[in-house]
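Following: one structure in structure tokens, then a few remarks.
All figures in this text were calculated on a predicted structure; none of them were measured in a lab.
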Amino acid sequence: TSNNISFLVKKTHELDNEEINQINDLYNKIFKEYIKIPRTREDFIIRFTNNEKKYSFHGIMKKNDQIIGSYPVIPNKFKYFDKELFFGLVVDTTIAKEYQGNLDNLVELNYLVYEKLKKEKIHFVYGVANKKYYRIIKKLFSYRDICTLSYFVKPLKLEKTYLFDQLFN
């Protein structure tokens, strides 16, 4: 605990309704510019239980029983050479605006989750970070780039349209 802030890790099924609501409220507030529809409880449950383990890990940062930070990791099974291993997909990291400057809190939250992941034999985490968070995780946690993302479009049904004529004629 630092500055009356507490840190804990829970699996999805260990979260109570109030914690899920607080995590969603924080997520919807932080990402309001990027999401079209606020995330609901049902969306949350689907997102974090639709994997082989049927749960995810949720690092939680609280102050006075109010969630001010969340660091979720979704376990996904991959075939790595001849072994099946679980890797953790880091998604939707949220820290309330007024607590974003204190990187010690972020470090404590991350390492607490990493310890829990290691106990479940998940030794690798990956994710796609936004520009602001990318710089932080590269420097603070020594994350390494594993690839460069390129975006491609594959038309499923081409119809002769004005746009088609402009692009291909």
Side-chain angles (χ1 to χ4, degrees), residues 5 7-15 19-20 22-62 67-97 99-154:
I5 295 174
F7 302 85
L8 63 148
V9 180
K10 290 187 172 186
K11 295 176 182 173
T12 307
H13 60 273
E14 297 170 335
L15 296 168
E19 289 169 322
I20 291 172
Q22 286 186 29
I23 292 169
N24 276 344
D25 289 347
L26 182 60
Y27 171 84
N28 291 332
K29 182 178 180 183
I30 297 294
F31 292 108
K32 69 180 174 228
E33 297 167 19
Y34 307 101
I35 58 175
K36 292 180 183 176
I37 300 169
R39 185 168 70 193
T40 65
R41 183 183 191 289
E42 292 75 27
D43 297 333
F44 181 93
I45 297 299
I46 290 168
R47 180 162 179 79
F48 295 111
T49 61
N50 191 17
N51 61 68
E52 294 264 344
K53 290 187 177 279
K54 303 296 183 213
Y55 61 83
S56 295
F57 301 87
H58 304 269
I60 298 170
M61 185 166 61
K62 283 186 173 186
I67 293 177
I68 58 170
S70 172
Y71 182 74
V73 179
I74 302 170
N76 288 295
K77 188 186 279 189
F78 288 92
K79 190 158 187 146
Y80 182 72
F81 295 101
D82 291 334
K83 294 181 183 176
E84 285 193 344
L85 301 172
F86 279 96
F87 296 161
L89 172 60
V90 178
V91 296
D92 304 342
T93 300
T94 54
I95 306 290
K97 291 257 188 240
Y99 298 96
Q100 288 181 1
N102 186 341
L103 296 180
D104 292 338
N105 289 338
L106 184 62
V107 169
E108 190 162 344
L109 185 61
N110 277 254
Y111 283 120
L112 193 63
V113 173
Y114 296 157
E115 289 305 311
K116 188 80 160 183
L117 294 173
K118 284 190 239 176
K119 288 178 184 172
E120 295 221 12
K121 308 230 182 296
I122 300 172
H123 299 284
F124 179 84
V125 295
Y126 67 101
V128 178
N130 64 33
K131 287 179 185 178
K132 183 178 178 183
Y133 191 58
Y134 175 79
R135 291 191 311 267
I136 293 169
I137 62 172
K138 288 277 288 187
K139 189 170 190 162
L140 210 55
F141 301 112
S142 303
Y143 270 48
R144 293 188 303 244
D145 294 331
I146 56 174
C147 68
T148 302
L149 289 179
S150 298
Y151 296 92
F152 299 93
V153 176
K154 179 183 178 189

Given the rule in the side-chain contact (heavy atoms from CB on, under 4.5 Å) test, do Asn102 and Ile95 qualify, once you have shown the distances and angles that lead to the verdict? CA-CA 10 Å; Asn102 186 341; Ile95 306 290; over 6 Å; no

Answer yes or no: is there a donor N or O on one side and an acceptor on the other, between the side chain of [X] and the main chain of [Y], under 3.5 Å?
| X | Y | value |
| --- | --- | --- |
| Asn50 | Ile46 | no |
| Thr12 | Ser56 | yes |
| Asp25 | Gln22 | no |
| Asn51 | Asn76 | no |

Would Phe48 and Ile20 count as a side-chain contact (heavy atoms from CB on, under 4.5 Å) if you check the C-alpha gap in whole Å, the side-chain angles of each, and the deciding distance to 0.1 Å? CA-CA 11 Å; Phe48 295 111; Ile20 291 172; over 6 Å; no

Would you compute the distance between atom [atom1] of [X] and atom [atom2] of [Y] and round it to the nearest 0.5 angstrom?
| X | Y | atom1 | atom2 | result |
| --- | --- | --- | --- | --- |
| Leu8 | Leu112 | CG | CG | 7.5 Å |
| Leu85 | Phe124 | CG | CZ | 10.5 Å |
| Lys54 | Ile45 | NZ | CD1 | 13.0 Å |
| Thr94 | Phe31 | OG1 | CZ | 6.5 Å |
| Lys53 | Ile74 | NZ | CD1 | 14.0 Å |
| Met61 | Leu26 | CE | CG | 8.5 Å |

Tell me, with the steps shown, if Arg39 and Ile23 meet side-chain contact (heavy atoms from CB on, under 4.5 Å). CA-CA 10 Å; Arg39 185 168 70 193; Ile23 292 169; 3.9 Å; yes

A side-chain contact here means heavy atoms from C-beta on lying under 4.5 Å apart; do [X] and [Y] qualify?
| X | Y | result |
| --- | --- | --- |
| Phe86 | Glu52 | yes |
| Val9 | Glu115 | no |
| Leu109 | Thr93 | no |

Closest contact, heavy atoms only, [X] versus [Y]:
| X | Y | result |
| --- | --- | --- |
| Arg47 | Asp92 | NE-OD2, 2.7 Å |
| Leu117 | Val125 | CD1-CG1, 3.6 Å |
| Asn24 | Arg41 | ND2-N, 3.6 Å |

Is the positively charged end of Lys11 above the ring of Tyr55, judged by distance under 6.0 angstrom from the centroid and angle within 45° of the axis?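 Here Lys11 passes the 6.0 Å and 45° test against Tyr55.
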
Does the pair Ile122 and Phe57 meet the rule for a side-chain contact (heavy atoms from CB on, under 4.5 Å), with working shown? CA-CA 11 Å; Ile122 300 172; Phe57 301 87; 3.7 Å; yes

Looking at Tyr27, Phe7, Phe44, which one forms a ring-ring contact (aromatic ring centres under 6.0 Å, His included) with His58?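 Among Tyr27, Phe7, Phe44, the one meeting ring-ring contact (aromatic ring centres under 6.0 Å, His included) with His58 is Phe44.
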
